[in-house]
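Computed from a predicted structure; not experimentally measured. Quick note: residue numbers are just sequence positions, from 1.
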Amino acid sequence: MFCPKCGSQVPDSAVVCDVCGARLDPEPELMFEPSKKEKEAPKTPPVKDAFQKWAREQGSFCLIAKVVAVAVMLFYLLTAIVYTVTLIVEGYAGGVIFSEFFLKLLTGIVYGVIVWLLSDAVLYLQKLYEMKKKETKD
């Protein structure tokens, strides 16, 4: 028999590997039989379910704010590309083009992240308010 952890050969009667100390199981574990409910349940993609759950938790305001954040980042990316092409056509040096492109790109990323984080802060404050409201009722 061989150790499943380190691959060294061990006697068939061994309980522990002499080399690495891993515990050796004499019989492999049998796979469990899924329950009827698991067999009959329709399989939905976990990613789709996770996204829908996340979207419900966000609420409409925070979801719109996140869409705006992504739109701002994409707008600045497009602006950076157009501005870079303009600088290339006008014959500016490579260093100027490079720095201007990344300045505009970084600006868009920063603005987008700020909007995204503000929407998360609003969501957090909403949940905190709901928890306080619930505690006050109890």
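To the nearest 0.5 Å, atom CH2 of residue Trp116 and atom CE of residue Met73 are 7.0 Å apart. Here CZ of Arg23 is found 13.0 Å from SG of Cys17. Values are rounded to the nearest 0.5 Å. The OH atom of Tyr76 sits 6.5 Å away from atom OG1 of Thr107, with the distance rounded to the nearest 0.5 Å. Atom CZ of Arg56 and atom NZ of Lys53 lie 8.5 Å apart (nearest 0.5 Å).
Residues Leu74 and Leu103 are members of separate hydrophobic clusters, defined by side-chain heavy-atom contacts under 4.5 angstrom among Ile, Leu, Val, Met, Phe, Trp and Tyr. Linking ILVMFWY residues whenever their side-chain heavy atoms come closer than 4.5 Å, directly or via other members, places Val72 and Ile64 in the same cluster. Taking hydrophobic clusters as Ile, Leu, Val, Met, Phe, Trp and Tyr residues chained together by side-chain heavy-atom distances below 4.5 Å, Leu123 does not share a cluster with Leu128.
Between Ser99 and Val96, the closest heavy-atom pair is OG-O, 3.0 Å. Across all their heavy atoms, Asp18 and Pro11 have their closest contact at OD2-CD, 4.4 Å. Residue Leu105 comes nearest to Leu77 through the heavy atom pair CD1-CD1, 3.4 Å, listed as atom of the first residue, atom of the second, then distance. Between Ala65 and Val115, the closest heavy-atom pair is O-CG1, 3.5 Å.
Two residues are said to be in side-chain contact when any heavy atoms from C-beta on lie closer than 4.5 Å; Glu100 and Leu87 meet this criterion. Side chains of Lys134 and Met131 form no contact here, defined as non-hydrogen atoms less than 4.5 Å apart. Under the 4.5 Å side-chain criterion, counting only non-hydrogen atoms from C-beta, Tyr129 is not in contact with Leu125. Within the 4.5 Å cutoff, side-chain heavy atoms of Leu24 are placed close to those of Cys3. Counting heavy atoms from C-beta outward, Phe101 and Ile81 have side chains that approach closer than 4.5 Å. The shortest distance between side-chain heavy atoms of Asp120 and Gln58 falls below 4.5 Å.
Every side chain to side chain contact (heavy atoms under 4.5 Å, CB included) that Ile114 has, sequence neighbours left out, goes to Val110, Leu118. In this view, Ser119 and Lys66 satisfy the side chain to side chain donor-acceptor pair (under 3.5 Å) rule, not counting sequence neighbours.
Figure legend: Lys104 and Tyr83 shown as a cation-pi pair, the cationic atom lying under 6.0 angstrom from the six-membered ring centre and within 45 degrees of its axis.
Connectivity analysis of hydrophobic side chains (ILVMFWY, heavy atoms under 4.5 Å, direct or indirect) links Phe61 to Val122.
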